[in-house]
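Worksheet: the structure to be examined is printed underneath.
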Amino acid sequence: MIRLNNVHKSYGTGSNSLHVLKGINLEIEEGGFVSIMGSSGSGKSTLLNILGILDNYDEGSYYLNGMLVKEMSEKKAAQLRNEMLGFVFQSFNLISFKNAMENVALPLYYQGVSRKKRNKIAHEYLDKLGLLSWAEHMPNELSGGQKQRVAIARSLITQPKIIVADEPTGALDTSTSYEVMEILKEINEDGITVVIVTHEHDIAAMTRQIIRLKDGIISEIIKNGDLKQWKHQYSKELEIA
Amino acid sequence: MFDLDLWKEIIDALKKNRMRSFMTAFGVFWGIFMLIIMSGAGRALENGIMDGIKAFASNSAFFWTERTSKPYEGFQRGRRWNYKNADIQYIRANLNDLEYLSPRLFGPNSYGGDNTIRGIKTGAFNIYGDYPDYFKIDPWTPVKGRLLNEIDILQNRKVCTIGERVAEVMFDEGEDPIGEYLKINGVYFQVVGVIHPETRINIGGGEKNEAILIPFSTMQRTYNMGDVVHFFSVTSVPGVPVSKIEERLKELLKGRHHIAPDDLQAVGSFNIEVEWKKFNSLFNGIQILTWIVGTGTLLAGIIGVSNIMMVIIRERTQEIGIQRAIGATPGKVMLHIVAESVFLTVLAGYIGLALGVGLLEALNMALEAGGDEVFFRRPEISFRMAISALTVLIFSGVFAGMIPARRAVRIKPIDAIREEK
Ligand SMILES: Nc1ncnc2c1ncn2[C@@H]1O[C@H](COP(=O)(O)OP(=O)(O)O)[C@@H](O)[C@H]1O
Ligand SMILES: [Mg+2]
């Protein structure tokens, strides 16, 4: 589903240049449930944005579903995002002057789906996420957990192949975080590939694969079975830091 | 552009950001409103003045005599002289391109007070001896009775036509002046018409509604004026500028009265054509000024829209970023912003137009009540102008939206989303 070969990414130019990703090699299978971990500033978001075709990279190659994603026109990128990808952000990124239903329906607007039809589909997705009675509410009338569920409904409405989520629980309390992770797990069980960025290891522990970024490269890939041991090591590292 | 869903989306966005939309639209509203009001006012001034003069033959000129300013053929300078009946006949016979020629006499006037008497009623009025051709140059219409005619002239009839003010003063209310007699400078004249001037151009002075017009021939004979002519009006045939015959006429007259050809004073004349041109350029000037100021205001409004759209784009960076992340193509983002701008400009412009026209309409109604005397009439704007204003608005909407739209698509989705954090 996702294949990165020796991907490099720097910000800025010349002497101010900051080399963030220094050769990422990564493969994520269809139906994977992956978390990206690493210390702050290690380039987690940078990597995720490249995966989500929100940003470009300098070197290497990125194949999404067998297609090379490189130097793509903005139009093509937008279409690809719309068809293939769903986004969930830490700060929800709902449009403030649209109600929950309209927010969920928006990606379908860009696909040219009629208003009536897309609102109906939006209702279905809100229902799935237990938010039907909140359909007409504006984002500022919703709790953080509700907002994130609206955002998830929005990311699902185009039936994407991949959901990318940058710290989806970062702004939520523990129990709400677990609810959101439960939802993402269910989505994954429906066959959608889910990639999240997190720095909380209990959240990461709920995924099936953990990718650790360090010094611009992947320092470790841990499969679910090895998690226990890894957790131990990780906490030790945190103590040192 | 005619995608219904797009418009719903846009109107939705504008409605939900009411204050912002209002601020954006106001500049354009004000610009077009001012343009309409100023242009309408300019037009009203023009109408008010043109209504008062348009019936007047624009190819007319007027002649009177002044003292000579140069000695010539044995005559001293400063000589007084007069036109004669023979001059009139000569001109008629020898001047090409002449259409009408109407001599006039000024009656023994009212220096000494009232010159018109009827029973116990008296008044001081301006008495003129005229030919019927005069009405072809400066039209009057009979309110009652008739105008002077050729038979009055031929038979030296002692008849008169009187202005409305004369009728008011010399007759009781409800009394019919027609057939009644007025004693004018000691001679009785029968009233055959009460007449109303079609123009407010006044040549030779005196209020027009205080005029009494009698046949030219009658005046010469009755008041022993010999063959003297005080004044005459001419028009040129259509297509020939009156200025051309004005000069030839002066030469003819100078030749017949021993006046130096280079005497610029002796033959007094006045040419309406010249005045007409002055008026026209005045009105053109007013309209041009209106357009300059109006379009300036409008332009400021449009720049305002563009500016506010620019601020809005900055404010909306995150929103646009989200939209792009979830699949809005740059073209779509651009289309949205331009369409929003066009929608706002056109809507605001339309409201400004409607309100401006409405105000002019109301003003017009108030002015109509003011009657004949107002110099400010029918403050209207032409349909063509309204249409061109709207066209300008649509284009300016596109223009105002284009700059911010281009900036918006330069924002990378990721920058937009990150900015908020
Ligand atoms: N647009 C940018 N311009 C310059 N530097 C950036 C930009 N985005 C991120 N960085 C820098 O790149 C590094 C990695 O950022 P990021 O991927 O957001 O890290 P993480 O998400 O792991 O905290 C950080 O040092 C950050 O300051
Ligand atoms: Mg981050």
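Lettering follows sequence order; numbering is per chain, from 1.
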Could you walk me through whether A:Arg3 and A:Tyr62 pass side chain to side chain contact (heavy atoms under 4.5 Å, CB included), step by step?
CA-CA 6 Å; A:Arg3 208 170 83 232; A:Tyr62 167 27; over 6 Å; no
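Ranked by heavy-atom pairs shorter than 4.5 Å toward chain B, the options A:Gln111, A:Gln79, A:Lys98 are led by A:Lys98.
Going from atom CZ of B:Phe399 over to atom CZ of B:Phe395 covers 13.0 Å, rounded to the nearest 0.5 Å.
Looking at every heavy atom in both residues, A:Leu142 comes nearest to A:Ala100 through CD1-CB, 4.5 Å.
Contacts between B:Lys8 and chain A at a heavy-atom distance below 4.5 Å involve backbone atoms as well as side-chain atoms. Looking at A:Phe97, the atoms closer than 4.5 Å to chain B (heavy atoms on both sides) sit in the backbone and in the side chain alike. Only the side chain of A:Glu102 comes within contact range of chain B, judged by heavy atoms closer than 4.5 Å. Heavy atoms closer than 4.5 Å to chain B are found in the backbone of A:Leu94, but not in its side chain. Proximity to chain B (any heavy atom under 4.5 Å) is restricted, for A:Val113, to the backbone atoms N, CA, C and O. Contact of A:Asn56 with chain B is made through the side chain alone, with heavy-atom distances under 4.5 Å.
Legend: residues meeting ring-ring contact (aromatic ring centres under 6.0 Å, His included) with A:Tyr63, ordered by chain and number and at least two apart, are absent.
Using a 4.5 Å heavy-atom threshold, the side chains of B:Thr345 and B:Ser341 count as touching.
Under the 3.5 Å distance criterion, the side-chain polar atoms of A:Gln148 are left unmatched by any main-chain donor or acceptor of A:Gly145.
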